[in-house]
Structure formats: C-alpha cells, structure tokens
Amino acid sequence: MKHYSLQKRSLVTGGAGFLGSHLCEQLLKDGCSVLCVDNFFTGARRNIEHLLGHPSFELLRHDITFPLYVEVDEIYNLACPASPVHYQFDPVQTTKTSVVGAVNMLGLAKRTKARILQASTSEVYGDPSVHPQPESYWGNVNPIGPRSCYDEGKRCAETLFFDYRRQHRMDIRVVRIFNTYGPRMHPRDGRVVSNFIVQALNGEDITIYGDGTQTRSFCYVDDLIDGMVRMMNNEADFIGPVNIGNPVEFTMLELAQAVLELTRSNSRIVYRELPHDDPRQRQPDIALAREHLKWEPRVALKSGLERTIEYFRQLLQIGR
Ligand code: NAD
Ligand code: UDP
Ligand code: UDP
C-alpha cells in the first residue's frame, strides 16, 4: 500500500516496556509516527500514558507470536521479557516470543520492505570466557539451563535475522544490549539496579546474590537509546551485530554501596544464594560502535543512579 505522508512510520514492539517507552518518546521527538505494539506482559500503561495524546502515537495491544499486518517503514523489535524473573516465569512463551515473534516481524518487514532492528543481548555470550566481549566472540551458553529460553531464543533470533538477509536480501540491524538501567524499569522485575534501589528506599535488606564479586557494566537508558537509533539510521551498510553498553565495570558489592550512599539508606547488606548459570563478569567491547556509529556512553553511573532513584522515589510515593 502506498503512503502519502512524509513522516516515517516506526513500529516499536515491546513499546510499553522500559526501553521501548523511551524509544517511542525519542522517535516522536525525531518526527516519526510511532506504532507501539505490546501485550503488556511486563510493560505498563503508565510508561506510555504521557504519549497517548500525541497525534503521531498509536498503541496496539498485540502479542507478536501472532501475525501482524500493518504498514510501516521501520521496525524496532524489542518485545521480550528481559529480566530473569520474568523470562523464567513462562519459559516456553519466552522462546516463542524470541523465535516465532522474530519470524513474524521479519515476515512483516519482508512484505513492507521495512528496515528491521533486533534488540539482542549480551546474554548471547553466556558466561563469557573472553573478557571484555567483542562481537566476534561466539559465547559460552548452556542450551538446557533455566536461562536458556532467553539466551538461546535471542541467539536463534539473530540467526533468523541473518538468514532472512541472506535468503531475502533484507535490510537488517542487530544490536547486542548490555545491562541497561534507568527510570521506568519494572520495580519488581528482580534486576539488580531496581532491586537495590527499591530495597534501599523501603529500608529493606539489600540482597546480594553470591559474594558480590561478580561484575556487570551498567548503561544509562538515554545512552542506550541514542546508540540504538544511530544503528537503525546508519546508512553505511553496517548491520552488526554491534555491542551497545557502558564498558565501565562494577562489582555488585560496589553497586550496593553506591545505592546506599546515594539514597542515604540505613538498609543492611545481606547475602543470598547465587542463581544457576549466573555470569561471573560482563563488559562490552564497544570498539565497533565507536568506529561505525561514533557512539559512546556519556552518563556516569552516579548521575544515572540519581535519576533512577528519583523515579523510584516518586513511584513508591504514588504507590503504583
Ligand atoms: P521490558 O520487560 O521492560 O520490555 C519488554 C516489553 O515487551 C514489555 O513491554 C512486554 O510487555 C513486551 N512483550 C513481551 N512479550 C511480548 C509479546 N509476545 N508480544 C508483544 N509484546 C511483548 O524489558 P526491556 O528492558 O525494556 O527490554 C526490551 C528489549 O531489550 C528486550 O528484547 C530485551 O531482551 C532487550 N534487552 C534489554 C536489556 C536491559 O538491560 N534492559 C539488556 C539486553 C537486552
Ligand atoms: N507475517 C506477518 N505480517 C506480514 C507478513 C508476514 O505477521 O505482514 C508473518 C506470517 O505469519 C508469516 C511470517 O510472518 O508466517 C513469516 O513470513 P514469510 O513471508 O517469511 O514466510 P511465509 O509467509 O512464506 O511463511
Ligand atoms: N543480583 C544481586 N541481587 C539482586 C538481583 C541481582 O546480587 O537482588 C545479581 C545477579 O545475581 C547478577 C547481577 O546482580 O549477578 C545482575 O543481575 P540482573 O538480573 O540485573 O542481570 P543479568 O544477570 O541478566 O545480567
């Protein structure tokens, strides 16, 4: 179907989620018309409530494991629960969302000739034996463990993206997102930043899994969205996969201490059992993003945490 508007029509799957809602907001700022598709498994209406009156924003409740026929120019495929607690709640649905959802969105992109970007993950590297992780590293993933529905689902989605490109010459982009945090994270999704902040604000014990020496590298949401949009819009035929994340690495103990300081909380640190297959360390090698996208993160952990703490403080006050 021909369209007569000059506005670019962007589809964001998972648009009512943490990252998706920030992406919708950015695309509207950039002048796109945005179709947000979400089944509200982990997403929330409050994340996009402020966009509902925008003339270029449209919301559709839909599960991407079912076919979707709409007319669009570009697709950001973010639909998938991202926290271990949520993706392990219904692991079969997680694999279906990653794999069947990717087939449907690729089919849609093929018919509409849209460019399509996949939100992949650092979990494709599993518990890495190479550190930091460059895109050329193939990973160390358990195919049958409790995290596999997500890790292998996302790996298979990458395979589908590259096979659709080889078979149908499709215009694809793949970004591998490393741990990202910020306002609109789900307060009970079990991820470490939201857990620590909510615990500190409520005066509850801060739960460190294992001895707290495992590391992660945390990227603030604004930096991540900037990298993702740059990747979608780069015209140099750089299709990825590309790591997007902040290479500054912290132990979970350091993170807990930073949260305690910034919230001025009296919460105690307590130690809990380390979950199965929990990666020891993780840090993105972002040389490719620097070179091809001229991108690097700008928000330091302290200032990102301050903004996130402010968000959760307000959320807990409203009691939503
Ligand atoms: P999120 O859980 O907040 O958002 C995911 C959204 O997808 C939710 O709104 C959920 O309701 C929706 N969804 C889930 N299954 C769906 C389905 N079958 N059909 C339609 N909608 C569905 O998580 P997030 O942190 O915003 O993550 C977004 C994407 O980025 C995910 O694909 C995730 O794998 C990827 N990612 C995120 C991180 C991170 O640190 N936040 C890291 C790596 C990868
Ligand atoms: N699909 C969709 N929207 C479209 C086109 C296709 O949801 O606009 C789905 C459809 O369910 C199909 C899948 O995408 O099964 C893959 O499409 P493709 O054209 O690759 O495969 P085929 O239709 O030949 O099975
Ligand atoms: N973690 C923790 N306490 C919590 C939640 C998580 O110590 O309350 C640890 C978890 O074991 C992991 C790290 O923090 O080592 C990051 O966990 P998250 O679930 O946020 O992300 P992922 O493991 O997917 O990187």
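The figures here come from the full heavy-atom set of this structure, side chains too, leaving out hydrogens, waters and symmetry mates. Remember, it's 1-based here, ligands and their atoms both numbered in the order they're listed. Along the sequence shown, residues carry numbers from 1.
Counting heavy atoms only, Cys80 comes closest to atom 5 (C) of ligand 1 of the residues Ala119, Cys80, Gly17. The heavy atom nearest to atom 26 (O) of ligand 1, considering only Ile64, Asp38, Leu19, is found in Leu19.
Looking at atom 39 (C) of ligand 1, its nearest protein heavy atom turns out to be Arg191 NH1, 3.2 Å. What sits closest to atom 12 (C) of ligand 2 on the protein, heavy atoms only, is Asn104 OD1, 4.3 Å. Among protein heavy atoms, the minimum distance from atom 6 (C) of ligand 1 is reached at Gly14 CA, 3.6 Å. With respect to atom 13 (N) of ligand 1, the closest heavy atom belonging to the protein is Asn39 OD1, 3.3 Å. Closest to atom 20 (O) of ligand 2 among all protein heavy atoms lies Tyr164 OH, 2.5 Å. Atom 6 (C) of ligand 2 has as its closest protein heavy atom Gly107 C, 3.5 Å. Protein heavy atom closest to atom 8 (O) of ligand 2, with residue, atom name and distance, is Arg111 NE, 2.6 Å. Given atom 4 (C) of ligand 2, the protein heavy atom at minimum distance is Tyr69 CE2, 3.3 Å. The closest protein non-hydrogen atom to atom 8 (C) of ligand 1 is Thr42 OG1, 3.1 Å. The protein heavy atom nearest to atom 7 (O) of ligand 2 is Leu68 N, 2.8 Å. Scanning all protein heavy atoms for the shortest distance to atom 27 (O) of ligand 1 gives Ala82 CB, 3.6 Å.
Looking at ligand 1, you won't find any N or O of Ile177 less than 3.5 Å from one of its N or O atoms.
Under the 4.0 angstrom criterion, atom 14 (O) of ligand 2 counts as having a protein heavy-atom contact.
Of all the heavy atoms of Lys110, the ones lying under 4.0 Å from any atom of ligand 2 belong exclusively to the side chain.
For ligand 1, the atoms sitting less than 4.0 Å from at least one non-hydrogen atom of Phe40 are 11 (O), numbered in the order shown with element in parentheses.
The closest approach between any non-hydrogen atom of Gly101 and ligand 1 is not below 4.0 Å. Heavy-atom separations between Tyr150 and ligand 1 include at least one value shorter than 4.0 Å. Residue contact check for ligand 1: Met185 places no non-hydrogen atom closer than 4.0 Å to it. Taking 4.0 Å as the cut-off, Asp63 counts as a neighbour of ligand 1 on heavy-atom distance.
For Tyr220, the ring pair (Phe, Tyr, Trp, His ring centres under 6.0 Å) criterion is met by Tyr181, not counting sequence neighbours.
Remark: the backbone N or O of Ile144 is paired with a side-chain donor or acceptor of Asn142 at under 3.5 angstrom.
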